[in-house]
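The structure appears right after this line, and notes come after that.
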Amino acid sequence: QVQLVESGGGSVQAGGSLRLSCAVSGYSSSGRCMGWFRQAPGKEREGVALIAMSRGTAYAESVKGRFTISRDDAYDTLYLQMNSLKPEDTGMYYCAAGPAKSCYSGSWRDGNGMDYWGKGTLLTVSS
C-alpha cells in the first residue's frame, strides 16, 4: 500500500524557518515526480514546489528564493526547507507523487498530474 506521510509542520513566527519531510513507503520515489502543495483556509490547493528525477525544480513565484525542495531517493524522502516564512504561507501542506512526465507540465500547480497524496501537515505562521 502506497503511503506518503508528511511531518515537520507547526507554528512559527513570521521570519522563521521550518523543514517539512515526506516519507514514502510502498512505492519507490526514484524516477517519479515529487512535489509539495498547500491549501490555505478558504482557498484552493496550489502547487508550491516540484522536483524531478533529474533534480530539476519548479517553484511558485510566491516562494521563490525562500523555499527549497529536495529529495533523497535512497531513503524515499522528500523535503521542503522553508525560510523567511510569512503569514500567507499558512496552510495545510501536502506531499504528492506522480509519473515523471508530471514534472514537465505547464499546469503542474493544479496537482492534477499527481496520483499519490499524503494527508498533510499544518503550518501556521503568525505575524
Side-chain angles (χ1 to χ4, degrees):
Q1 181 179 1
V2 177
Q3 281 192 314
L4 281 68
V5 180
E6 303 92 340
S7 61
S11 296
V12 63
Q13 288 194 326
S17 298
L18 273 180
R19 188 176 80 157
L20 304 182
S21 299
C22 172
V24 181
S25 61
Y27 176 88
S28 174
S29 62
S30 176
R32 306 286 181 173
C33 180
M34 302 290 295
W36 288 98
F37 295 76
R38 69 185 179 190
Q39 186 166 20
K43 295 188 176 181
E44 292 188 355
R45 183 187 66 197
E46 63 176 359
V48 174
L50 206 63
I51 185 166
M53 176 182 66
S54 65
R55 300 304 191 271
T57 57
Y59 294 92
E61 283 296 325
S62 61
V63 307
K64 277 184 179 179
R66 300 189 298 121
F67 290 12
T68 302
I69 188 172
S70 61
R71 61 192 293 168
D72 185 340
D73 289 340
Y75 293 96
D76 287 325
T77 305
L78 180 72
Y79 301 99
L80 185 68
Q81 178 65 44
M82 305 181 293
N83 299 327
S84 301
L85 283 163
K86 303 177 180 180
E88 51 263 44
D89 293 319
T90 293
M92 188 71 78
Y93 282 70
Y94 300 93
C95 168
K101 64 179 181 180
S102 297
C103 269
Y104 303 99
S105 167
S107 60
W108 68 271
R109 295 196 66 207
D110 62 20
N112 292 335
M114 311 304 263
D115 46 19
Y116 293 105
W117 294 83
K119 294 184 178 180
T121 185
L122 182 63
L123 170 67
T124 302
V125 184
S126 57
S127 57

* Asked: Out of curiosity, does Trp36 fall in the hydrophobic cluster containing Trp108 (side-chain heavy atoms, cut-off under 4.5 Å, transitive links)?
  -> no
* side chain to side chain donor-acceptor pair (under 3.5 Å): pairs with one or both residues in residues 91-102, sequence neighbours excluded -> Arg38-Tyr93
* Taking only residues two or more places apart in sequence or in another chain, which ones pass side chain to side chain contact (heavy atoms under 4.5 Å, CB included) with Ala14? -> Pro87, Val125
* Asked: Are Asp110 and Phe37 close enough that some pair of their side-chain heavy atoms sits under 4.5 Å apart?
  -> no
* Structure fact -> Interatomic distance, CD1@Ile69 vs CZ@Arg55, rounded to 0.5 Å, equals 10.5 Å
* Structure fact -> Sorted by chain and number, sequence neighbours left out, salt bridge (charged side-chain N to carboxylate O under 4.0 Å, His left out) with Arg19 holds for none
* Distance, nearest 0.5 Å, that separates CG of Leu85 from OG1 of Thr90 -> 8.5 Å
* Asked: Are Val63 and Leu123 co-members of a hydrophobic cluster defined by side-chain heavy atoms under 4.5 Å apart?
  -> yes
* **Residue pairs involving residues 60-127 (criterion disulfide bond (SG atoms under 2.5 Å apart); sequence neighbours excluded)** => Cys22-Cys95, Cys33-Cys103
* To do: Please tell me if the side chains of Glu6 and Leu20 come closer than 4.5 Å, counting only heavy atoms from C-beta onward.
  => no
* Asked: Any idea which heavy atoms bring Ser54 and Tyr104 closest together, and the distance?
  -> OG-OH, 3.8 Å
* To do: Would you name the heavy atoms of Ile51 and Arg71 that are closest together and state the gap between them?
  => O-NH1, 3.2 Å
* Answer yes or no: does atom CD of Gln13 have more than 12 heavy-atom neighbours from other residues, nucleotides or ligands under 6.0 Å? => no
* Which atom of Ser70 lies closest to which atom of Leu78, heavy atoms considered -> O-CD1, 3.3 Å
* To do: Return each pair, listed once, that meets side chain to side chain donor-acceptor pair (under 3.5 Å) where at least one residue sits in residues 76-86; pairs must be two or more places apart or across chains.
  => Ser17-Asn83, Ser29-Asp76, Gln81-Asn83
* **By salt bridge (charged side-chain N to carboxylate O under 4.0 Å, His left out) - contacts of Arg45 (at least two apart)** => none
* To do: Using a 4.5 Å cut-off on heavy atoms from C-beta on, say whether the side chain of Asp89 contacts that of Arg66.
  => yes
* **Met34 to Ala97 - nearest heavy-atom pair and separation** => SD-CB, 3.4 Å
* Asked: Excluding sequence neighbours, so at least two apart, what forms side-chain hydrogen bond (donor to acceptor under 3.5 Å, both in side chains) with Thr57?
  -> none
* Structure fact -> Lys43 meets the salt bridge (charged side-chain N to carboxylate O under 4.0 Å, His left out) criterion, sequence neighbours left out, with none
* To do: Look at the side-chain heavy atoms of Ile, Leu, Val, Met, Phe, Trp and Tyr, link any pair under 4.5 Å apart, and say whether Val24 and Leu80 land in one connected group.
  => yes
* When rounded to the nearest 0.5 angstrom, what distance separates CZ in Arg109 from CD in Glu46? -> 4.5 Å
* Listed by chain and number, what are the salt bridge (charged side-chain N to carboxylate O under 4.0 Å, His left out) partners of Glu44, not counting sequence neighbours? -> none
* To do: Mind jotting down which residue pairs meet the ring pair (Phe, Tyr, Trp, His ring centres under 6.0 Å) criterion with at least one end in residues 39-65? Sequence neighbours excluded, please.
  => none
* Which hydrophobic side chains are connected to Met53, either touching it within the sub-4.5 Å cutoff or through other members that do? -> none
* side chain to side chain donor-acceptor pair (under 3.5 Å): pairs with one or both residues in residues 114-127, sequence neighbours excluded -> none
